[in-house]
2 protein chains.
Amino acid sequence: MGTTQLETVPEPKYWHLKNVLSEALDSEFSVGEVLPNERELAARFGVARATLRQALEQLELEGRLQRRRGVGTTVAPPRVGVAVGTGQHGWPGTADDAWRIVDCTHAVPPAAIADALGSGREEAVHVVRRSRRSHGQQVAAERLYIPAASVPGLTAIDAPSGPARARAVLRELQRLELEGQERSVELGSARAEDAKELDRLPGAPVLVVTTRFVARKRTAAISVATYRADTCRLTFGDSGGVEIHHGPERQAS
Amino acid sequence: MGTTQLETVPEPKYWHLKNVLSEALDSEFSVGEVLPNERELAARFGVARATLRQALEQLELEGRLQRRRGVGTTVAPPRVGVAVGTGQHGWPGTADDAWRIVDCTHAVPPAAIADALGSGREEAVHVVRRSRRSHGQQVAAERLYIPAASVPGLTAIDAPSGPARARAVLRELQRLELEGQERSVELGSARAEDAKELDRLPGAPVLVVTTRFVARKRTAAISVATYRADTCRLTFGDSGGVEIHHGPERQAS
DNA sequence: CAGTGGTCTAGACCACGTA
DNA sequence: ACGTGGTCTAGACCACTGC
């Protein structure tokens, strides 16, 4: 940045800084490399640390950087594509399934979930927690809400609790004929518990995938899966992942 | 918040503040209502303005608040569900189509797009810009990249440029038989140009939906659509939107 | 012009990972 | 114990909106 700033320059410093760093990342750094620490970078660019951090935050949001307290800032690998499928998979917990069961509890779900399930707001449902890894990294945490009505064959004390019970619940669920499923994706921030499992700080940006499973014309189960937004690219469609990574794409200004 | 903080409290102030505000939003405010300004809120909670802002930022990210410079902070309505469909729609620009054509240029696409299209990195392609509104609000901006090879019938000076040319390009594109399409969703930040169209500041969080259209076993076109992450919930699946809004969902910690 | 949110500064201290 | 990123402060000024 020499002295060319004729055009009014109401461009924020952190924005300009982000672009400069972004280009430097493309040309002068390779994946996994650690950047100088924040205090030094700030000094080098002649800005306050807070301003430098604003630029780094953006780059992390875009999946270009990875920051870890006590360690440092490193250049992130391209986002991994995780398949979220489109219906053919059927019930959760079948065959291929990329998920690993964590545990199973019996609790009252959030009001919004209870309403969608058609269960009473005070009614406890089965809550199966699962987690998903991909490319050797934790990418998602899921909560599966299953009302008792969807697993009639389950005897009360079939299995005490934990993974064994989770498997029993999923097995019963799979007896129903799946008529369809609806998905939605939105941005959210990781609750404390999920953040821990995803190895992120609370409030980290996540992509929340909500799936409603329909059987017997009713909502048989609801899955709420939170994916790390910084490292994941969700892919839909039946033919694998789209190989487009928005890397060195030039920003306009 | 009385004086109950026995449990070690290594909980950041802004996080606690966010939760307090979140509950206040549920119980004491209604959609569209304006909050006190940041300086007053900060004083009322006994924190620095920067800390208060950190909490507000999170709430805005979660779609609970809407902030506009020079105006104020208001309570946001629930996110609108926008259908992103699952294949049956076919080519862009057909019939129902929720998009409005903005213009059409002829330019060299970003390297990642060029590679996916199989066009040369120096080769110019048709770039159709479209925008999408929903519930009376701008929700998405799109760039459609179409290599000349996909629209062979298009005579060079069929239409000079702008909307007329865009329609001609899409019409030609629709002559091909669509064999399939692949989608991916990831988090991004709005480039300056898109931000303006979405009525947001540069760098605002967006959901980037990339769609690859396949015809004659090749990539016939690529669409990159950026949706406002704060106000949108993307819905997939053929039976409309899932009516789950993650409103008064209690946070654990 | 007044009031709002957006940017920026120069400090301080804390929590965490590693050695 | 040290160095890292994470949190927090108390100011200042800027850019935009609406009256």
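- Judged purely by atom type and a 3.5 angstrom limit, A:R200 has no side-chain atom pairing as donor or acceptor with the backbone of A:D194.
- Here C:dT7 presents its C1' atom at 16 Å from NE2 of A:H16, a figure rounded to the nearest Å.
- As rounded to whole Å, 13 Å separates atom C1' of C:dC14 from atom CG of A:L201.
- Within residues 35-57 of chain A, the residues approaching DNA chain D are A:N37, A:E38, A:R39, A:R49, A:R53, by heavy-atom distance under 4.0 Å.
- With sequence neighbours excluded, the residues satisfying salt bridge (Lys or Arg N to Asp or Glu O under 4.0 Å) with B:R130 are B:D97, B:E142.
- B:R67 places its CZ atom 19 Å from the P atom of D:dA15, with the value rounded to the nearest Å.
- In this structure, a donor-acceptor pair under 3.5 Å is present between the side chains of A:Q138 and A:S131.
- Whole-Å rounding puts the B:E11 CD to D:dC8 C1' distance at 15 Å.
- A donor-acceptor pair under 3.5 Å is formed between the side chain of B:E33 and the backbone N or O of B:S30.
- The salt bridge (Lys or Arg N to Asp or Glu O under 4.0 Å) search around B:R167 returns none, not counting sequence neighbours.
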Show me, pair by pair, the donor-acceptor contacts under 3.5 angstrom made by side chains of residues 38-50 of chain A, not counting sequence neighbours?
residue: A:E38; atom: OE1; partner: A:R49; partner atom: NE; Å: 3.0
residue: A:E38; atom: OE1; partner: A:R49; partner atom: NH2; Å: 3.0
residue: A:E38; atom: OE1; partner: A:R53; partner atom: NH1; Å: 3.2
residue: A:E38; atom: OE2; partner: A:R53; partner atom: NH1; Å: 3.0
residue: A:E38; atom: OE2; partner: A:R67; partner atom: NH1; Å: 3.2
residue: A:E40; atom: OE2; partner: A:R44; partner atom: NH2; Å: 2.6

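- Counting heavy-atom neighbours within 6.0 Å of B:D199 CG, excluding the residue itself, gives a total of 12 or less.
- With A:K18 as the partner, the side-chain hydrogen bond (donor to acceptor under 3.5 Å, both in side chains) test is satisfied by one option alone out of A:E62, A:E23, A:E57: A:E62.
- Contact annotation: A:T73 reaches the phosphate of D:dG5 (side-chain N/O to OP1 or OP2, under 4.0 Å).
- Here A:Y14 does not reach the OP1 or OP2 of C:dC8: none of its side-chain N or O atoms lies under 4.0 Å away.
- Under the 30°/60° scheme for interplanar angles, the aromatic rings of A:Y227 and A:W99 are found to stand perpendicular.
- Remark: P of D:dG6 and NZ of B:K13 are 19 Å apart, rounded to the nearest angstrom.
- Distance, A:W15 CH2 to D:dA15 C1': 17 Å, rounded to whole Å.
- To the nearest 0.5 angstrom, A:L201 atom CG is 5.5 Å from A:R69 atom CZ.
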Every protein N/O within reach of nucleotides 16-19 of chain C N/O, cut-off under 3.5 Å:
none

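- Here A:R79 contributes atom CZ and A:R64 contributes atom CZ; the two are 10.5 Å apart, rounded to the nearest 0.5 Å.
- Atoms CD (A:Q58) and C1' (C:dG6) sit 13 Å apart, rounded to a whole Å.
- For the helix from C:dC1-D:dG18 to C:dT18-D:dA1, the axis fitted to the five pairs at one end and the axis fitted to the five pairs at the other end meet at an angle of 20° (nearest 10 degrees).
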